[in-house]
Amino acid sequence: FSLIGDVGVYFSNAFAVTPLCCPSRSSILTGKYPHNHEVRNNSLSGNCSSPAWQRGPEASAFPVYLNKQLYQTFYAGKYLNQYGTKGSGGVSRVPPGWDQWHALVGNSQYYNYTLSVNGKEEKHGDSYDKDYLTDLIVNRSIQFLDERSPQRPFFIMLAPPAPHSPYVAAPQYQNSFSNVKAPRDGSFNKPGGKDKHWLLRQPVNPMANSSIEFLDNAFRKRWQALLSVDDLVERLVKKLEDVKELNNTYIFFTSDHGYHTGQFSLPIDKRQLYEFDIRVPLMVRGPGIKPNQTLQVTIIWMKNLKHLPLFAPSLRNGTSRPYFLVEYTGEGCTNSNPDCPKMGPGVSQCFPNCVCEDAFNNTYACVRTLTGYNLQYCEFADTESFVEVYNLTADPHQLENIVKKVDPVLLQTMNQRLIRLQSCVGRSCRDTKY
């Protein structure tokens, strides 16, 4: 925080448009909602790094435009969950727009993984000095900065595995935070209640001690793994300073989704519509950005790249988009989940004590309103046509679904906004006049 947020701006309202890795990363790359880039989940059948994604949205992702403006582009780390697999074209395929490509094959790993290095397979083992992925990413970005042309602008995108599972800390950090536990405030270990979707009603409450120990351990290991991300940021900022580019460079720090550890008695995961899964950190530093700013609402856009050597974000404490869409397509097992057979088919992501965190009918779309009313309105695509509504001002932890208490006129307004957003394309996704 001290190297980016304290010397730049921290956005207190930053959100993912879907709380899952591959569709959210696809939105970051394209600037599109999931229903427009059509990546629904982390599977190849869900369009993650699929041939259809490659032919369509990926071909017009922002690195393509940067490259056309003669930016030197560099990518390192996790890309999309199915990248590099046989069905997605294998390691030889490098997405368009990237000059230097050091992408992880598949999902997050820290050791014993495969990289695609400019289209060539590179296997790694379990040596900390040679293979620890978070460190390797920053090492190669530093090498890129040494070898680039100083006459042309550059863009670096780093996607370390931390704090994703299996959250393996570097050796020097494996005993850090030994007494840290997941926060016990808000909705921690609270029942989902009858006013929430059925998936939130099925966890046992209060949680068993074994579940709490499990999530505390995960929380602690995530913090330990993140210490290497702190090192990554520090080393990269120092290198930019050494090559005299720090004052000319914008640095963005963010994530693809939130995470929960014990909220509503769900042990660990994402995929839910609640604030803990859709909120993300967002900090920016760079030329023209005053230090120590906190903006509640954000609008960021990039000015005409043809006339600027670097990104030029425009920031202000307000927005021309007072509400936006969050959408998610649930995943389940066709047969009974082996971790929880008593739940039957249709569920997935099952954890200790038979708590399943996803299902085919955990499919929803929400309107999140930021100005006027601080509300979230969500509809599920299920046999119940379940609706959840939360007043985030009065109830920041979303403990009470107020759908039966809200003025029906407001519910109708929110429903109409949701219908329009779910079918929006291009500029119409930014039209908030309804």
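The basis for the numbers below is simple: all heavy atoms, side chains too, and nothing from hydrogens, waters or symmetry mates.
Glu234 is linked by a side-chain hydrogen bond (donor to acceptor under 3.5 Å, both in side chains) to nothing, counting only residues two or more places apart in sequence or in another chain. Not a single side-chain hydrogen bond (donor to acceptor under 3.5 Å, both in side chains) links Asn401 to another residue, sequence neighbours left out.
Asn337 places no side-chain N or O within 3.5 Å of a backbone atom of Met343 that could act as its donor or acceptor partner. Side chain of Ser24 to backbone of Asp256: a donor-acceptor contact under 3.5 angstrom is found. Checking side-chain atoms of Ser265 against main-chain N and O of Gly262 turns up no donor-acceptor pair under 3.5 Å. With hydrogens and angles ignored, the 3.5 Å screen pairs no side-chain donor or acceptor of Asn361 with any backbone N or O of Asp382. A donor-acceptor pair under 3.5 Å is formed between the side chain of Asn118 and the backbone N or O of Trp101.
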- Message: Evaluate Phe324 against Val326 for side-chain contact (heavy atoms from CB on, under 4.5 Å), listing each step before the verdict.
- Response: CA-CA 7 Å; Phe324 58 90; Val326 176; 3.7 Å; yes
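The aromatic ring centroids of Phe1 and Tyr10 lie less than 6.0 Å from each other. Less than 6.0 angstrom separates the ring centroid of Phe62 from the ring centroid of Phe155. Side-chain rings of Tyr274 and Phe264 approach one another, their centers coming within less than 6.0 Å. Aromatic ring centroids of Phe276 and Tyr259 lie 6.0 Å or more apart.
No side-chain donor-acceptor contact under 3.5 Å links Gln272 and His260.
Between Cys378 and Cys366, a gap of under 2.5 Å is found separating the two SG atoms.
Classified by interplanar angle (parallel below 30°, tilted 30° to 60°, perpendicular above 60°), the ring pair His124/Tyr113 is parallel.
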